[in-house]
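Since the structure comes first, as structure tokens, the remarks are kept for the end.
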Amino acid sequence: MSLLPTTSIARIADYDGQAVTLAGWVYNKTEKGRLIFILLRDGSGTIQCVIFKKNVAEETFAAARELTQESSCRITGMVRADERAASGYELDVQEIEVVHLTHDYPIAPKEHGIEFLMEHRHLWVRSSRQHALLRIRAEVMAAAQEWLNSQGFVRFDTPILTGTAAEGTSDLFATPYFDLGNAYLAQTGQLYVEAGMMAFGKVYTFGPTFRAEKSKTRRHLTEFWMLEPEVAFATHEDNLVLQEQMLSAIVQRVLSTCVRELEVLERDTTALQRVQPPFPRITYDAALDLIREHHTEVEGCRVLEWGEDFGAPHETLIATKFDKPVFVERFPTSLKAFYMQPDPARPEVVLCADLIAPEGYGELIGGSQRIHDATLLEQRIRDFGLNVEDYQWYLDLRRYGSVPHSGFGIGLERTVAWICNTHHIRETIPFPRMLYRLYP
RNA sequence: UCCCCGAUAGCUCAACGGUAGAGCGGCUGACUGUUAAUCAGUAGGUUCCAGGUUCGAAUCCUGGUCGGGGAGCCA
């Protein structure tokens, strides 16, 4: 066998005219008698390998003939630029080493139903479209963290097992926890990240969060990833600027580093190129006016009274009125979490904002300035019917060097779904957890 | 939790109360430019489960299971 070091397909252009060894899996194969084409993928890309019977040893041609879809192999050959090749290069094969011969790979190169594909998610992730989506997910995660790090943020990991419901709202997954009763899977790192903020100034937590709600839509998972930055001394205004800068940086980086993936997904990138600060802002009150004026344009979109929350149709309607993500700020206090700071000019609303994505992907970000006064915070905990004893540590943050501060949470899967323009967020995470999906 | 829809070959589907079918995939063969190749041949069935109606049920009825789309809730 060849002694050449293994080369990645992504770097094949560097080896034009040279012999290389590639290691990967057969993505597709076409036999034409004495000529065989093998489309090889190695995770970094795909390349067509060409085998002419008269140009190779008998055992090499025989090996090429027996290769099936998703068989693993090492292929040695000469890299040759070719205009007929989709990637611009082909490999003229000299040797083939079959590593493992696959029989009856379930996912054929044809249309499949979603149930079948979800049941084979562990194999489906090899397919080009899924590969592109998950590659962009990884890039969004890296872009977000590297941008925050460059701005002086420190990653501060918050617990997944918690003793109480953080916000006291949504349904939580419970699990027995030794002699301490139930533990709950975190629905947010919000409260804990505030402790980190008081220690490091600018922090973020990034990890899976869990909601036991029986949501059954294309925008919901029971396990999803959330990135939650928190900044000391930051006002509501500072918070919005941070959000639009971070999201713009993420989108622009994906545009520059994931060109091939966006092509695979057939994403119209002109809409993404517009994602630059500043983003439009409207108040909750202005949003109600907008809904009143245009509600007939979206099915199921009824006029709302002041104090009612938006439904999915309302968010869709608002999104259609702007060509960038749009902030809706200053919601009625009763609609939001207990820890949000009242607007000093209008105590009936809080200094918060939801960022609604264009193209009907719903709320990407929810953020707010937090209450920094211990007395007010304790009062709000009681008003919301929560147990003050559970929040003593959280109140401590306001008793020892309290400062105004703000933060937000951005849903990773919704962000990726929007950037990729994919219909359902279940394709933006390797193994989606949903109401009726716990396997594989 | 509520509303709507579905389950037939490995996959995607047809058969609409009267013999269980096609395409793709698999296998065999032909082919030196295919890339969801083409052509010929071939194998492949507990029609989701349990009852019921009927001379006869994939088809109609009842219950269940599993799944899909949406709402609410949320990110």
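Computed from a predicted model, the values in this text were never measured in an experiment. Each chain gets a letter, A, B and so on, in the order the sequences are listed, and its residues count up from 1.
- Annotation: side chain of A:I419 is not in contact with side chain of A:C258 (no heavy-atom distance under 4.5 Å).
- Other residues, nucleotides and ligands contribute more than 12 heavy atoms inside 6.0 Å of the CZ atom of A:F322.
- Under the 4.5 Å side-chain criterion, counting only non-hydrogen atoms from C-beta, A:V79 is not in contact with A:Q18.
- Between the side chain of A:S215 and the base of B:C73 there is at least one donor-acceptor pair of N/O atoms closer than 3.5 Å.
- Comparing atom distances between the A:H112 side chain and each of B:G29, B:C11, B:U32 picks out B:C11 as nearest.
- Both A:Y436 and A:L355 sit near RNA chain B, but only A:Y436 has its closest nucleotide nearer the 5' end.
- At B:G70, one or more side-chain N or O atoms of A:H423 fall inside 4.0 Å of OP1 or OP2 (strictly under the cut-off).
- Pair assignment for B:A43: none, as no Watson-Crick or G-U wobble contacts are both less than 3.5 Å.
- Judged by Watson-Crick or G-U wobble contacts below 3.5 Å, the nucleotide B:U35 has no partner.
- For A:E90 against B:G33, a side-chain N or O and a base N or O form a donor-acceptor pair under 3.5 Å.
- A distance of about 29 Å separates the C1' atoms of B:A43 and B:C49, rounded to the whole Å.
- Here, B:U28 and B:C16 have their P atoms 37 Å apart, quoted to the whole Å.
- A salt bridge (charged side-chain N to carboxylate O under 4.0 Å, His left out) check over residues 428-440 of chain A, counting only residues at least two apart or in different chains, returns the pairs A:E119-A:R437.
- At the phosphate of B:A37, OP1 or OP2 sits under 4.0 Å from a side-chain N or O atom of A:N28.
- Contact annotation for A:K53: no contact, since no heavy-atom pair falls under 4.0 Å across all strands.
- Looking at heavy-atom distances under 4.0 Å, A:R219 makes contact with a base.
- Put simply, CD on A:E363 is 12 Å from P on B:C73, counting in whole angstrom units.
- Among the protein residues, A:E31 comes within range of the nucleic acid bases, having at least one heavy atom under 4.0 Å from a base atom.
- A:R346 and A:D343 are not joined by a salt bridge, as no carboxylate oxygen comes within less than 4.0 angstrom of a charged side-chain nitrogen.
- Picking from B:A71, B:G68, B:C11 the nucleotide with the shortest atom distance to the side chain of A:F116 gives B:C11.
- Around atom NZ of A:K53, no more than 12 heavy atoms belonging to other residues, nucleotides or ligands sit under 6.0 Å away.
- Closest to the A:P109 side chain, of the nucleotides B:A75, B:A36, B:C31, is B:A36.
- At the heavy-atom level, A:A86 lies nowhere under 4.0 Å from the strands shown.
- Atom-to-atom, OH of A:Y27 to P of B:A36 comes out at 10 Å; the value is rounded to the nearest Å.
- Applying the 3.5 Å distance criterion, the base of B:U34 shares a donor-acceptor pair with the side chain of A:Q48.
- Distance A:E70 CD to B:G10 P: 21 Å, rounded to the nearest Å.
- Listed candidates were B:C73, B:U32, B:A37. Nearest to the side chain of A:T30 is B:A37.
- Side-chain N/O atoms of A:R211 include none lying less than 4.0 angstrom from OP1 or OP2 on B:C73.
- Across all strands shown, B:G67 pairs with B:C5; the Watson-Crick or G-U wobble distances both stay below 3.5 Å.
- Map A:E115 and A:K29 each onto its nearest nucleotide of RNA chain B; the residue landing nearer the 5' end is A:K29.
- By the 6.0 Å contact criterion, CD on A:E66 is enclosed, its count of non-hydrogen atoms from other residues, nucleotides or ligands being greater than 12.
- Atom P of B:G6 sits at a distance of 11 Å from the matching atom of B:C61, rounded to the whole Å.
- Base-pair partner of B:A50: B:U62 (Watson-Crick or G-U wobble, both distances under 3.5 Å).
- Between A:Y391 and A:F384, the distance from one ring center to the other does not fall under 6.0 angstrom.
- Using P as the reference atom, B:U59 and B:U19 are 14 Å apart when rounded to the nearest Å.
- Here B:G69 presents its P atom at 14 Å from NE2 of A:H220, a figure rounded to the nearest Å.
- Protein atom CZ of A:R302 is 11 Å distant from nucleotide atom C1' of B:G72, rounded to whole Å.
- A:G362 comes within 4.0 angstrom of nothing in the nucleic acid, heavy atoms only.
- For A:L35, the side-chain atoms get nearest to B:U32 when compared with the rest of B:C74, B:U32, B:A75.
- Base pairing of B:C16 is not made with any nucleotide, judged by Watson-Crick or G-U wobble geometry with both donor-acceptor distances under 3.5 Å.
- As rounded to the nearest Å, B:A40 and B:G51 have C1' atoms that lie 48 Å from one another.
- Regarding contacts with the backbone of B:A36, every side-chain N or O of A:R129 stays at 4.0 angstrom or more from both OP1 and OP2.
- Between A:Q190 atom CD and B:C74 atom C1' there is a gap of 15 Å when expressed in whole angstrom units.
- The base of B:C66 is not paired with the side chain of A:R437 by any donor and acceptor separated by under 3.5 Å.
- B:A57 and B:A20 are spaced 11 Å apart, taking the P atom of each and rounding to whole Å.
- Residue contacts for A:I114: at a heavy-atom cut-off of 4.0 Å it reaches the sugar-phosphate backbone alone, with no base atom in range.
- Residue A:R65 places none of its side-chain N or O atoms closer than 4.0 Å to OP1 or OP2 of B:C27.
- Of the candidate nucleotides B:A71, B:C73, B:A75, B:A75 has the atom lying nearest to any side-chain atom of A:R414.
- Between the side-chain ring of A:F224 and the base of B:A75, a stacking contact exists by the 5.5 Å and 30° definition.
- Residue A:R274 qualifies as enclosed at atom CZ: its count of foreign heavy atoms under 6.0 Å is above 12.
- Closest contact between the side chain of A:K216 and the listed nucleotides B:G70, B:U34, B:G67 involves B:G70.
- Residue contacts shown for A:I107 are absent, as no nucleic acid heavy atom lies under 4.0 Å away.
- Here, B:G17 and B:G56 have their C1' atoms 8 Å apart, quoted to the whole Å.
- Of the candidates B:U12, B:G33, B:G70, B:U12 carries the atom nearest the A:K110 side chain, counting heavy atoms from C-beta on.
- Of the side-chain N and O atoms in A:K32, one or more sit less than 4.0 angstrom from OP1 or OP2 of B:G33.
- Closest to the side chain of A:R84, out of B:C31, B:G33, B:A36, is B:G33.
- Looking at heavy-atom distances under 4.0 Å, A:D309 makes contact with sugar-phosphate atoms alone, never a base.
- For the 3.5 Å distance criterion, the side chains of A:D42 and A:W25 fail to qualify, holding no donor opposite an acceptor.
- Nucleic acid contact for A:I365: sugar-phosphate only, since backbone atoms but no base atoms lie under 4.0 Å from a heavy atom of the residue.
- Picking from B:G26, B:G72, B:A75 the nucleotide with the shortest atom distance to the side chain of A:D104 gives B:G26.
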